[in-house]
Amino acid sequence: MTASPGTPLTLRGNRIPPSLDEAMIHGVVHGFYRRVRADADLGPVFEARIADDAWPHHLARMCDFWSSILLRTERYEGRPLPAHLRIPELSDLHFDRWLTLFRTTVLEECDDESAELFLSFAYRIARSFRMAVAFHRGEDTLSIPPLPIDAAYLGDAEA
């Protein structure tokens, strides 16, 4: 997707920050997954499913995923939800840790405008996946409370 020279790209009506580029996405993805792999809660979940030699491919796909979402490059082809539905131990603890580590990484790697865009999508993705996992397991999706980090983020967004 390209715009006319001098025409800013927009995403859902919001201008894509000029600072948001492939290098920033790479920094966020690689920084985030370094944290994930070292994390006591998330590390084992990923270690059980991604072999050491498969990490370069996974990281490249995640860069494609975020590039497709944020820069509208359409490089990512796939369906991430089914893989998550096959993780029996996936719980709110994992979603909370994912969001916490992602938020920490994004705030370190991005300017405020780019961070807001990354985080708005991350929180929507996490909520959607949580609902899908609960539905897949036959749980009552109407009783799913916000994650603690959701509440903190929503509080920040309203301030």
Side-chain angles (χ1 to χ4, degrees), residues 1-39 41-136 147 149-150 153 157:
M1 146 126 312
T2 58
S4 303
T7 304
L9 289 174
T10 60
L11 182 62
R12 296 190 179 193
N14 298 314
R15 182 180 69 85
I16 296 174
S19 59
L20 180 53
D21 60 11
E22 296 292 347
M24 182 182 287
I25 290 169
H26 183 276
V28 168
V29 168
H30 285 254
F32 168 67
Y33 281 104
R34 266 192 301 280
R35 284 184 163 94
V36 163
R37 292 182 80 182
D39 187 75
D41 295 315
L42 293 177
V45 175
F46 282 85
E47 185 178 316
R49 288 160 182 85
I50 302 174
D52 282 342
D53 63 346
W55 272 98
H57 176 71
H58 181 71
L59 292 171
R61 280 187 50 84
M62 293 302 93
C63 286
D64 289 346
F65 175 80
W66 284 104
S67 178
S68 291
I69 289 175
L70 299 174
L71 299 177
R72 302 186 313 185
T73 59
E74 301 179 9
R75 286 199 326 245
Y76 180 79
E77 291 184 24
R79 296 175 50 226
L81 181 58
H84 292 81
L85 294 177
R86 291 190 297 270
I87 303 173
E89 70 271 27
L90 195 59
S91 70
D92 281 355
L93 167 80
H94 298 105
F95 284 108
D96 190 53
R97 286 301 297 154
W98 185 91
L99 286 170
T100 298
L101 296 178
F102 195 79
R103 184 173 197 243
T104 299
T105 305
V106 164
L107 293 176
E108 285 180 3
E109 296 286 332
C110 302
D111 58 89
D112 291 345
E113 198 175 12
S114 298
E116 180 64 31
L117 199 54
F118 260 109
L119 293 174
S120 69
F121 278 95
Y123 286 98
R124 278 185 259 164
I125 291 165
R127 279 191 210 104
S128 174
F129 276 35
R130 283 179 70 217
M131 296 292 279
V133 166
F135 181 81
H136 181 74
L147 291 169
I149 193 152
D150 282 337
Y153 177 72

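A quick note: this is a predicted structure, and the numbers were derived from the prediction, not measured. Worth knowing before you read on, the calculation uses all heavy atoms, side chains too, and leaves out hydrogens, waters and symmetry mates.
If you check the side chains of Arg35 and Thr105, you find a donor sitting under 3.5 Å from an acceptor.
At a threshold of 4.5 Å between non-hydrogen side-chain atoms, the residues Leu59 and Met62 do not count as touching. With contacts defined as side-chain heavy-atom distances shorter than 4.5 Å, the pair His30/Cys63 qualifies. When side chains are defined from C-beta on, Leu70 does not count as touching Ile16, because their heavy atoms never get closer than 4.5 Å. The shortest distance between side-chain heavy atoms of Leu119 and Phe102 falls below 4.5 Å.
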How far apart are the C-alpha atoms of Thr100 and Arg103, what are their side-chain angles, what is the distance that settles it, and do they pass the side-chain contact (heavy atoms from CB on, under 4.5 Å) test? CA-CA 5 Å; Thr100 298; Arg103 184 173 197 243; 6.0 Å; no
Go through the steps to decide whether Met24 and Cys110 satisfy the test side-chain contact (heavy atoms from CB on, under 4.5 Å), and finish with yes or no. CA-CA 7 Å; Met24 182 182 287; Cys110 302; 3.5 Å; yes
Under the side-chain contact (heavy atoms from CB on, under 4.5 Å) criterion, do Phe32 and Val106 qualify, and how do the steps go? CA-CA 8 Å; Phe32 168 67; Val106 164; over 6 Å; no
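Annotation: Phe121 is not in aromatic contact with Trp66 [ring centroid separation under 6.0 Å not met].
Between His58 and Trp55, the angle of the ring planes goes over 60°, which puts this pair in the perpendicular group of the 30/60° scheme.
Residues satisfying the ring pair (Phe, Tyr, Trp, His ring centres under 6.0 Å) test with Phe65, not counting sequence neighbours, are Tyr76. Applying the side-chain hydrogen bond (donor to acceptor under 3.5 Å, both in side chains) rule to Glu77 yields no partners; only residues at least two apart in sequence or on another chain are considered. A search for ring pair (Phe, Tyr, Trp, His ring centres under 6.0 Å) contacts involving His94 returns nothing, not counting sequence neighbours.
Arg37 places no side-chain N or O within donor-acceptor distance of the main-chain N or O of Tyr33, the cut-off being under 3.5 Å.
Counting heavy-atom neighbours within 6.0 Å of Glu47 CD, excluding the residue itself, gives a total of 12 or less.
With rounding to the nearest 0.5 Å, the separation of CG in Leu42 from CG in Leu93 is 7.5 Å. Note that OG of Ser67 and CZ of Arg72 are 11.5 Å apart. Values are rounded to the nearest 0.5 Å.
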